[in-house]
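Here's the structure, in structure tokens; my notes come after.
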Amino acid sequence: MALWGGRFSDGPADALFALSRSVQFDWVLAPYDLRSSLVHLSILEKAGLVQLNDGASIRAGLMELRSEVASGSFLPIESDEDVHSALERGLTEKLGTLGGALRAGRSRNDQVATDLRLFTIDQLLEVGKSVIKLQIALLHKSKDYVDAPAPGFTHLQHAQPIVFGHELAKHAHALQRDTARIQSWYARSRTSPMGAGALSGSSLALDPVASAHALGFSFAYANSVDAVSDRDFLVEALFILALIGSHLSRMGEEWCLWSSTEFGWAKLADAYATGSSIMPQKKNPDIAELARGKAGRLIGNLTSVLAMLKGLPFAYNRDLQEDKEPLFDSFSTLNLVLPAFTGMVETTIFDRQKMAKAAPTGFSLATEIADYLVKKGTPFAQAHEVAGKCVHLCEQRGIELHELSDSDLTNIHPALKPDVREVLSVEGALASRTTFGGTAPAAVVDQINTLLEAVAVSHDWFYSESNQFSGMMGA
Ligand code: ARG
């Protein structure tokens, strides 16, 4: 059933209908549309715009429709244009012309903006919960390897040794910024467009602030034109999702490297690795690769909506219908990647011996020589030069730094005494990095414990906000 047509003498061409139809993807908004219809009904009743008897029938019809939508017994049909028209058809099939009463004082313009916002809040809170599960997996794994030395890299070259727990935990810190971003997004995005109508508000005695509160928003839009035009909440959500995807992609790259034959640091559990159809020996890190690859579509979804919005006139234009598929796709993508990635992290085992053996190679202790000289009063630039000469000599001879003889050392610089070898150990280098945030095992344990406490706080926040939100959905 079309929601318009009075002023037309001809029905829509098939090609137009096919192009403009959105119910095949916007049906996921149905529970939110029903929720906002129930609130709109109460507002109409309060304003005396729907008689008490009629109100009770419409409410019963909406509740029935809600359980039919939930069970899948009510579904859109070919002739439904979008989620709003499909649900109005459902209600009209039950109530006759009374099913159209809810259209008073509202438009699909404020309706779709409201539904989308409710959907995005619901989904983004769920993403936050999944991110927290991954953080906990990473932090527990970090604790297991807090005493495991490994090479640390810059430019993907051996730089300075670090403890491997430090390397793993860094990802949980990036994810903490992601959940914090969702929290601040939430505070900013809980504004209700409902009551804005097509664009200008309504001559009926509606109460946008009351409907905002009934829907779980904190307030209503102060400008009705802005209310129906604004998709900032959606773009910001897409950015948050793209950044989470980019974090997962960088993690994925590390898992690919670490599980390669050349590194041989990471052993993936069979359940979280794949084989090859032709090479029987293969065990591939597909989860890590897909995480790396899917960051591309998450970034694409963000840019496609930004491009659609650029230069778009206010208030509603049909272009805005293009905001949905990218958003839905970003959520379904991360809903697939996050649990798989978490399972992979939980079950990966790292080879301590291999990592420890690699830790001092590549002259990764050269900075220790420079720091040793600085402590003896040599300016750093000169100390750096001296340490570089030590590396140069070792390279010529094919030896490691601690293998330089006493006379090699004094020949390079008189301040280089044999006791410099004491700082040329991985354990010594690690233990000395006690600065806040540094790689000394004790400092890393502190970092992990502090972050675990912060994660427990955000965990409680996400679960309580989403319980509250889903409670309102059922009301
Ligand atoms: N399906 C539309 C969308 O997703 C709903 C709003 C349609 N509004 C209109 N005036 N045609 O944006």
Side-chain angles (χ1 to χ4, degrees), residues 1-8 10-37 39-40 69 75-92 100 102-123 189 191-202 211 215 221 224-235 237-238 301 304-332:
M1 191 196 61
L3 299 182
W4 44 270
R7 60 104 67 219
F8 288 81
D10 204 357
D14 289 348
L16 161 78
F17 187 73
L19 172 63
S20 71
R21 190 169 183 264
S22 59
V23 74
Q24 66 281 16
F25 54 80
D26 68 17
W27 186 241
V28 294
L29 298 177
Y32 307 92
D33 200 74
L34 287 163
R35 170 77 191 127
S36 54
S37 289
V39 169
H40 186 57
V69 166
L75 286 170
I77 56 173
E78 266 315 295
S79 56
D80 291 328
E81 182 190 319
D82 58 17
V83 59
H84 322 289
S85 48
L87 291 172
E88 186 171 312
R89 172 181 61 79
L91 203 56
T92 309
L102 285 179
R103 234 194 282 160
R106 77 171 173 180
S107 150
R108 281 185 292 167
N109 300 353
D110 62 342
Q111 218 174 328
V112 76
T114 305
D115 297 354
L116 258 182
R117 208 172 271 259
L118 292 171
F119 169 87
T120 310
I121 290 173
D122 200 11
Q123 291 282 310
S189 305
T191 312
S192 172
M194 196 167 170
L199 79 163
S200 65
S202 178
S211 47
L215 285 167
Y221 268 85
S224 61
V225 185
D226 183 35
V228 292
S229 317
D230 174 27
R231 293 294 183 273
D232 291 358
F233 75 96
L234 194 149
V235 172
L238 283 170
N301 288 339
S304 89
V305 174
L306 275 175
M308 179 274 286
L309 288 171
K310 181 197 164 296
L312 191 70
F314 291 66
Y316 182 83
N317 298 271
R318 196 57 179 271
D319 315 43
L320 285 172
Q321 183 163 294
E322 290 296 308
D323 60 3
K324 287 171 202 62
E325 285 162 291
L327 182 73
F328 300 160
D329 182 73
S330 286
F331 279 121
S332 47

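Atoms within each ligand, like the ligands themselves, are counted from 1 in listed order. Note that the structure is predicted; figures quoted are calculated from it, not measured.
- Scanning the protein heavy atoms around atom 5 (C) of ligand 1, the nearest turns out to be Asp82 OD2, 3.7 Å.
- In this structure a side-chain-to-backbone donor-acceptor pair under 3.5 Å is missing from Asp122 to Phe119.
- Using a cutoff of 4.0 Å between basic side-chain nitrogens and carboxylate oxygens, Asp230 and Arg117 are scored as salt-bridged.
- Closest protein heavy atom to atom 11 (N) of ligand 1: Arg108 NH2, 3.7 Å.
- Ser22 OG to Glu325 CD: the interatomic distance, rounded to the nearest 0.5 Å, is 8.5 Å.
- Heavy atoms of Asn109 found under 4.0 angstrom from ligand 1 belong exclusively to the side chain.
- Between the side chains of Arg108 and Ser85, not a single donor N or O lies within less than 3.5 Å of an accepting N or O.
- Crowding of Phe314 atom CZ: a count of heavy atoms from other residues, nucleotides or ligands under 6.0 Å not exceeding 12.
- With hydrogens left out, the protein atom closest to atom 1 (N) of ligand 1 is Gln321 OE1, 2.8 Å, a heavy atom.
- Neither the backbone nor the side chain of Glu81 comes within 4.0 Å of ligand 1, counting heavy atoms alone.
- Atoms of ligand 1 lying under 4.0 Å from any heavy atom of Ser22, numbered from 1 in the order shown and given with element: 1 (N).
- Nearest protein neighbour of atom 12 (O) of ligand 1, counting heavy atoms only, is Tyr316 OH, 2.4 Å.
- With respect to atom 4 (O) of ligand 1, the closest heavy atom belonging to the protein is Lys324 NZ, 2.6 Å.
- At a threshold of 4.0 Å, the pair Arg106-Glu88 does not count as salt-bridged, since none of the basic side-chain nitrogens sits closer than that to a carboxylate oxygen.
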